[in-house]
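What follows is one structure encoded as structure tokens, with my remarks underneath.
Lettering follows sequence order; numbering is per chain, from 1.
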There are 2 protein chains.
Amino acid sequence: MTSRLEALCLEKGLKMTGQRRVIAQVLSDADDHPDVEEVHRRAALIDTRISIATVYRTMRLLEDVEVIERVDLGDGRARYEEASADHHHHLIDTRSGRIIEFASPELEAIKERIAHDLGYKIVGHRLEIYGVPLDDAGADGQGANGAGPNGAGPNSAGKEQ
Amino acid sequence: MTSRLEALCLEKGLKMTGQRRVIAQVLSDADDHPDVEEVHRRAALIDTRISIATVYRTMRLLEDVEVIERVDLGDGRARYEEASADHHHHLIDTRSGRIIEFASPELEAIKERIAHDLGYKIVGHRLEIYGVPLDDAGADGQGANGAGPNGAGPNSAGKEQ
DNA sequence: TTGGGATTGCGAACGGTTTGCAGTATGATG
DNA sequence: CATCATACTGCAAACCGTTCGCAATCCCAA
């Protein structure tokens, strides 16, 4: 069976080996942001003889051909997600570790303008928001950040995963 | 001579040892975003017998008491800057490595609203923009990002360092 | 001045990631 | 379909930034 990502790899002209097929499968099935070790763990369920070095090498390769994207969530290791056209960012629930993706055209516009005003052309950027659920926002102790909610009309599109 | 940061440390009730004084000195003098190795290098110019382990420990300590702030610029190592009340972010010149700080109340507002709309209270966040100078934006090859400059009135305050 | 808890330097260990090497598989070719 | 050069894999060692255990040392309050 040819997984979605495997097809993409073929399009990009990559040589498809057994282990690459397995990894493509794993990544196609994933709907979260696994790190290398996790990908390796899942791959091992399909084929035990895949080494972690190969997973590292394959992730780098897939990143290079823009089939997947590296996400740096601030916890020492690299995480990955499928590459996608729509720019989005991540809100990390510091209580549960859950990651929520969101996009905001408004944000993109401001960002573009800031860079332009400073005399720069953007080649990349990243935004992460760390937060706790509004409900049980009671007994937590991380460098809180004043400034209550403000601003104009609605606009951001959240998509949990 | 008592450096600015040393005074701050005393206020916070820290025990001031010789090496901490030197490190505070170095950080007071710095107007960039040095990593630990760089702080150690500069400290060694003042007193040769400071070990890098002490620098690591001291940086963590200063971070804990909020005298300095850790900045993760995406290059494997931790960088630091003096803690300051005003929220700002970083634009990294991928050609020269220069780092430009900027602040945008507008951006903060949107960010707050997004988090709020998703049901979260922000406890931290970070934004980095990677860019190349508009002038010589010719022969570069990093995952460019469509979407030309757009958006409304000026608002961002840039401060180079 | 003295004493004891905090701090230091050293080197070893850590966790994530990369790499050299020898062996193996791939898919292009005849 | 067999052959072959090339690219890929597994393993273990090395790497890099960072942390830690330990004995020696320092700071500061009494």
What nucleotide, of C:dG16, D:dC20, C:dT8, holds the atom closest to the side chain of B:Arg20? C:dT8

With the side chain defined as heavy atoms from C-beta on, B:Ser51 is closest, among D:dG10, C:dG9, D:dT18, to C:dG9

Is the phosphate of [N] approached by [X] (side-chain N or O, under 4.0 Å from OP1 or OP2)?
X	N	value
A:Thr54	D:dG10	yes
A:Arg49	D:dT9	no
B:Thr17	C:dA6	no
B:Gln19	D:dC26	no
B:Arg60	D:dG17	no

Any idea how A:His89 and A:Phe102 line up, ring-wise: parallel (<30°), tilted (30 to 60°), or perpendicular (>60°)? tilted

Whole angstrom value for the distance that separates [atom2] of [N] from [atom1] of [X]:
X	N	atom1	atom2	value
B:Lys15	D:dT25	NZ	P	16 Å
A:Asp75	D:dT18	CG	C1'	16 Å
B:His40	C:dT8	NE2	C1'	12 Å
B:Tyr56	C:dG9	OH	P	15 Å
B:Met16	D:dC28	CE	C1'	14 Å
B:Ile23	C:dG9	CD1	C1'	13 Å
A:Leu73	C:dG16	CG	C1'	16 Å
A:Leu14	C:dG27	CG	C1'	14 Å

Under a 3.5 Å distance rule, please check whether B:Arg79 uses its side chain to pair with a backbone N or O of B:His33 as donor and acceptor. yes

Does A:Glu128 come within less than 4.0 Å of A:Arg126, counting only side-chain N to carboxylate O? yes

Report which part of the nucleic acid B:Arg57 touches: base, sugar-phosphate, or nothing (heavy-atom distance under 4.0 Å, all strands). base

Under 4.0 angstrom, heavy atoms only, what part of the nucleic acid is A:Ile52 near: base, sugar-phosphate, or nothing? nothing

Find which nucleotide of DNA chain D each of B:Arg21 and B:Glu37 is nearest to by heavy atoms, and output the residue with the more 5' nucleotide. B:Glu37

Verify the neighbour count for atom CZ of B:Arg41: are there more than 12 heavy atoms of other residues, nucleotides or ligands below 6.0 Å? yes

Taking B:Leu61 as the starting point, is it possible to reach B:Ile23 by hopping between hydrophobic residues whose side chains are less than 4.5 Å apart? yes

